[in-house]
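Numbers here simply count residues along the sequence, with the first being 1.
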Amino acid sequence: MAHSHVTFETGVGELHYPTQTAAWADYDLDGHLDLYIGNETTKALRAPAQLFHNNGDGTFENVAARAAVTNLRFTKAVTWGDYNADRWPDLFVSNLRGANRLYQNNGDGTFTDKAAELGVTDPRASFPAWFWDFDNDGHLDLFVSAYSADITHIAASYLNLPLDIEMAALYRGDGRGGFDNVATKTGLTRPTAPMGANFGDLDNDGYLDFYLGTGYPDYEELMPNVMYLNRDGERFLDVTSIGGFGHLQKGHGIAFVDFDGDGDQDVFEQMGGALAGDSFEDVLYENPGFGNHWLAIRLIGRETNRSAIGSRIRVEIREAGNIRSVYRHVNSGGSFGANPLEQTIGLGKAEEIIAVEIYWPKTDRRQTLRDVPLDRRLVILESGAWFVFE
């Protein structure tokens with residue numbers, strides 16, 4: 001398939017600012033994906049963020065000033081998610097050496113920064129960030145990394161020496177628009193300094209795990225990349241060593257994806273430092289499998305954007321005689337790297353799938369599927385049709 005370079009003719013290439021992050025969402029729910037680019041403002045350069053509104057005709061218009069999302073800080077990550085469950089995608093912006101922002105979508109093309117009010121401005125030295133539902137309660141949570149540790153802090157942490165340094169935040173959403181930082185309560189107490197990061201379900205138990213690609217540009221800043229395993233949405237275990245994930249080279253783009261089509265997620269990581277002599281080969285960790293069930297779902301929007309970004313999935317299962325739900329929010333994952341939009345959903349020791357429910361945000365409608373088989377790939381259309389893809 002041939003591809004054309006359309007950056008300039010679509011209207012997104014007129015201004016060039018330093019950036020390392022961008023994310024797609026249909027912020028005005030018109031069925032077309034819009035693009036937010038977080039730029040790096042410094043004392044020497046004023047670099048406002050850009051919000052490119054999709055005009056629906058193959059062109060975009062930068063409406064960041066009108067929407068009040070220019071940020072004007074040193075942006076390192078951006079992520080969309082409907083944190084207050086009002087249908088409208090909200091925007092979190094991670095800023096290095098400055099307060100983070102949580103732009104609440106007002107539903108009229110404008111946003112209001114609620115970060116200070118909701119207590120999510122920290123860490124002040126942040127980098128990767130993402131919305132997810134780590135505890136499977138149906139409400140979006142927010143992970144924000146800290147990028148203030150260097151190799152001396154990493155070494156001190158492994159020696160159990162005291163540390164006075166900013167740590168990552170894990171903000172648990174309450175479903176009503178509020179957050180509570182549960183990083184310490186869930187075991188996220190070690191400094192990590194990630195540049196790249198992403199999440200997925202390593203063991204297919206239905207709870208999302210995450211991997212951090214760590215390091216600084218300096219040659220000597222070699223530290224283990226870190227994998228955290230989610231235990232029932234209550235605690236994270238550091239499985240870096242036991243899982244063989246503690247690569248010492250600098251990690252950047254990370255993706256959780258079922259490369260070999262066997263129903264579990266493998267992990268790809270782009271490696272190497274910023275300097276020419278600090279290059280390294282990329283790595284691909286093949287998942288050996290854990291014997292748990294799964295379901296892979298690809299959504300295709302009709303009135304909602306075709307990629308179904310922002311849609312929600314709930315899989316209700318019967319497991320060991322009990323009924324529980326596994327939730328997914330369709331996005332591409334964390335920062336520096338992207339997961340497929342197809343959602344590979346772990347179902348643990350499920351005996352059956354009771355129902356699959358899709359929430360389509362543009363139309364505010366729910367679609368329910370029954371008699372869905374375990375361990376299969378599904379394509380689900382917003383029109384109501386669905387089929388098993390072999």
Side-chain angles (χ1 to χ4, degrees), residues 79 81 128 130-143 170 172 186-188 196-213 225-240 242-245 254-269 284-299 311-320 324-335 337-351 353 356-358 372-378:
T79 180
W130 60 76
F131 281 109
W132 61 344
D133 182 1
F134 82 90
D135 54 357
N136 269 325
D137 64 355
H139 310 311
L140 278 182
D141 313 300
L142 177 64
F143 176 83
L170 177 60
R172 173 182 282 150
T186 56
L188 301 180
N198 225 320
F199 59 84
D201 186 357
L202 277 183
D203 54 355
N204 274 347
D205 67 348
Y207 291 93
L208 292 168
D209 317 299
F210 68 100
Y211 191 42
L212 303 176
N225 294 264
V226 181
M227 180 69 82
Y228 280 106
L229 189 71
N230 188 337
R231 296 286 76 185
D232 301 324
E234 297 178 356
R235 189 167 184 82
F236 288 92
L237 302 180
D238 185 341
V239 296
T240 303
I242 195 171
F245 295 103
I254 294 174
F256 282 73
V257 56
D258 183 5
F259 274 99
D260 48 6
D262 61 356
D264 52 47
Q265 290 183 304
D266 312 294
V267 181
F268 173 82
E269 184 177 18
L284 174 60
Y285 298 102
E286 183 180 3
N287 194 328
F290 291 81
N292 286 331
H293 291 294
W294 56 276
L295 191 66
I297 297 178
R298 179 188 173 196
L299 300 180
S311 300
R312 295 180 185 239
I313 301 170
R314 182 178 71 90
V315 183
E316 186 179 28
I317 61 174
R318 189 183 310 277
E319 182 183 42
R324 71 174 176 111
S325 292
V326 180
Y327 296 86
R328 290 292 181 271
H329 167 85
V330 179
N331 65 12
S332 59
S335 308
N339 292 338
L341 294 177
E342 177 182 274
Q343 302 295 301
T344 301
I345 304 171
L347 301 178
K349 301 300 182 183
E351 297 144 10
I353 296 173
V356 176
E357 182 183 86
I358 311 299
V372 176
L374 290 162
D375 305 331
R376 293 291 187 273
R377 282 184 160 76
L378 306 184

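Atoms CD and OH, from Glu269 and Tyr211 in turn, are 4.0 Å apart once rounded to the nearest 0.5 Å. Going from atom OG1 of Thr344 over to atom CD of Glu342 covers 5.0 Å, rounded to the nearest 0.5 Å. Remark: Arg312 CZ to Glu357 CD distance equals 11.0 Å, nearest 0.5 Å. Distance check: Arg235 CZ to Asp135 CG gives 15.0 Å after rounding to the nearest 0.5 Å.
Summarising the geometry of Asp205 relative to Asn230, their closest heavy-atom pair is OD2-O, 3.6 Å, with the distance given to 0.1 Å. Leu208 and Phe236 get closest at one heavy-atom pair: O-CE2, 3.7 Å. Heavy-atom minimum distance, Leu299 versus Ser311: CD1-CB, 3.9 Å.
Without hydrogens or angle criteria, Thr240 side chain to Met227 main chain gives a donor-acceptor distance under 3.5 Å. Between the side chain of Asn198 and the main chain of Gly334, a donor-acceptor pair closer than 3.5 Å is present. Side-chain N or O atoms of Asn136 include one that pairs as donor or acceptor with a backbone N or O of Gly206 at under 3.5 Å.
Applying ring-ring contact (aromatic ring centres under 6.0 Å, His included) to Tyr285 and the options Phe259, Phe256, Phe245 leaves one that passes, Phe245.
In this structure, Phe134 and Arg172 have side chains that are in contact, with non-hydrogen atoms separated by less than 4.5 Å. Side chains of Val330 and Ile313 form a contact here, defined as non-hydrogen atoms less than 4.5 Å apart. Side chains of Gln343 and Val315 form no contact here, defined as non-hydrogen atoms less than 4.5 Å apart.
Using cut-offs of 30° and 60° for the angle between ring planes, the Phe210 and Phe143 rings count as tilted. Between Trp132 and Trp130, the ring-plane angle classifies as perpendicular under the 30° and 60° cut-offs.
For Ile242, the CD1 atom counts as loosely surrounded, since its 6.0 Å shell holds 12 or fewer non-hydrogen atoms of other residues, nucleotides or ligands.
Taking 4.0 Å as the cut-off between side-chain N and carboxylate O, Arg324 and Asp232 do not count as a salt-bridged pair.
Under the 3.5 Å distance criterion, with hydrogens and angles disregarded, no donor-acceptor pair is assigned to the side chains of Asp203 and Asn292.
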Please assess Arg377 against Asp258 for the test salt bridge (charged side-chain N to carboxylate O under 4.0 Å, His left out), listing each intermediate value before the final yes or no. CA-CA 11 Å; Arg377 282 184 160 76; Asp258 183 5; 2.6 Å; yes

